[in-house]
Amino acid sequence: MDENFPDPLVIEIANRFTPELDLRPIRIIEPRLTGGIGDDRVILGLHQLRIEGLVTNDANMLFLPEVLSIIDQTGFTVVACESSGHDALVATGLLLTHLSRVARRHRPKTPQVWLLRAPDRGPERFEALRASAEARTGLKVADFRLTRRQLQEPVA
């Protein structure tokens with residue numbers, strides 16, 4: 001796991017829900033593989049240490065032929081959080097959302113790349129939601145409007 005994840009949190013959750021995985025930060029596995037060396041060298045170094053995969057939020061590495069070549073030659077797995085913008089919260093959410101499925105479908109010694117995505121779509125169009133609910137139920141949203149007084153009355 002690269003340095004862009006809050007590793008105590010991710011590791012605790014991963015150990016609890018996907019015990020078949022052994023997630024550890026690169027800095028704990030081998031500090032010399034952090035910072036200053038190419039992504040292909042990081043992957044090669046991890047492979048040489050008998051590590052099967054890397055979790056990263058640097059999906060751009062997957063556009064580099066030298067990285068893809070090492071993944072292919074070593075049967076390595078890369079799980080990359082795409083479009084997270086190096087945002088640890090977004091990347092952590094993506095990883096935790098998909099981690100159990102990745103673990104189930106991981107094949108050792110088989111090159112695998114998992115691109116985890118969560119596009120920023122913005123809010124749903126309320127009018128479309130209203131129209132859909134009315135069409136499905138045959139009821140009008142306006143029929144459930146409360147008076148000003150009802151909106152202010154305590155619920156409990």
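Heads up: numbering here begins at 1 and tracks the sequence.
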S.K.: Would you say E134 has more than 12 foreign heavy atoms packed within less than 6.0 Å of its CD?
M.R.: yes
S.K.: Determine the minimum heavy-atom distance between F17 and P19, stating which atoms define it.
M.R.: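 Closest approach of F17 to P19, heavy atoms only: C-CD, 3.4 Å.
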S.K.: Which distance, rounded to the nearest 0.5 Å, do you find between the CG of D39 and the CG of N60?
M.R.: 9.5 Å
S.K.: If you round to the nearest 0.5 Å, how far is CD of Q150 from CD of Q152?
M.R.: 11.0 Å
S.K.: What's the shortest heavy-atom distance between R107 and Q112, and which atoms?
M.R.: N-OE1, 3.1 Å
S.K.: Would you compute the distance between atom CD of E20 and atom CZ of R104 and round it to the nearest 0.5 angstrom?
M.R.: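 Between atom CD of E20 and atom CZ of R104 there are 9.0 Å.
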S.K.: Residues sharing V67's hydrophobic cluster, by side-chain heavy-atom contacts under 4.5 Å among ILVMFWY, directly or via others?
M.R.: I26, I29, L33, I37, V42, I43, L44, L46, L49, I51, L54, M61, L62, L64, L68, I70, I71, F76, V78, V113, L115
S.K.: In sequence, state the C-alpha distance, the side-chain angles, and the governing distance for H106 and E52, and then conclude on side-chain hydrogen bond (donor to acceptor under 3.5 Å, both in side chains).
M.R.: CA-CA 10 Å; H106 170 70; E52 294 180 4; 2.7 Å; yes
S.K.: Can you find a heavy atom in the side chain of T34 that is under 4.5 Å from one in the side chain of P25?
M.R.: no
S.K.: Closer than 3.5 angstrom, by distance alone: can the side chain of T92 be matched with the main-chain N or O of L89 as a donor-acceptor pair?
M.R.: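 Not a single qualifying donor-acceptor pair exists.
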S.K.: With rounding to the nearest 0.5 Å, note down the distance linking CD in Q48 to CZ in R41.
M.R.: 7.5 Å
S.K.: Are the side chain of T97 and the backbone N or O of G93 linked by a donor-acceptor pair below 3.5 Å?
M.R.: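 Looks like yes, one N/O pair under 3.5 Å.
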S.K.: As an exercise, state the distance from CZ of R101 to OG1 of T18, rounded to the nearest 0.5 Å.
M.R.: 12.5 Å
S.K.: What distance separates I13 CD1 from S100 OG, expressed to the nearest 0.5 Å?
M.R.: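 That separation rounds to 12.5 Å.
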S.K.: Report the C-alpha separation of V102 and V55 in whole Å, then their side-chain angles, then the decisive distance to 0.1 Å, and conclude whether the side-chain contact (heavy atoms from CB on, under 4.5 Å) test is met.
M.R.: CA-CA 11 Å; V102 170; V55 175; over 6 Å; no
S.K.: Considering non-hydrogen atoms only, spot the tightest contact between E124 and L129 and give its length.
M.R.: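 Looking at all heavy atoms of both residues, the closest pair is CB-CD1, 3.8 Å.
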S.K.: Any idea which heavy atoms bring C81 and A59 closest together, and the distance?
M.R.: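 So the two residues come closest at O-CB, 4.3 Å.
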S.K.: Go through the steps to decide whether L139 and F144 satisfy the test side-chain contact (heavy atoms from CB on, under 4.5 Å), and finish with yes or no.
M.R.: CA-CA 9 Å; L139 302 171; F144 293 89; 4.1 Å; yes
S.K.: So that I can tick it off, tell me whether R16 and E12 are bridged by a salt bridge, with the cut-off set at under 4.0 angstrom between side-chain N and carboxylate O.
M.R.: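 Looking at R16 together with E12, the answer is no, because their closest N to O distance does not fall below 4.0 Å.
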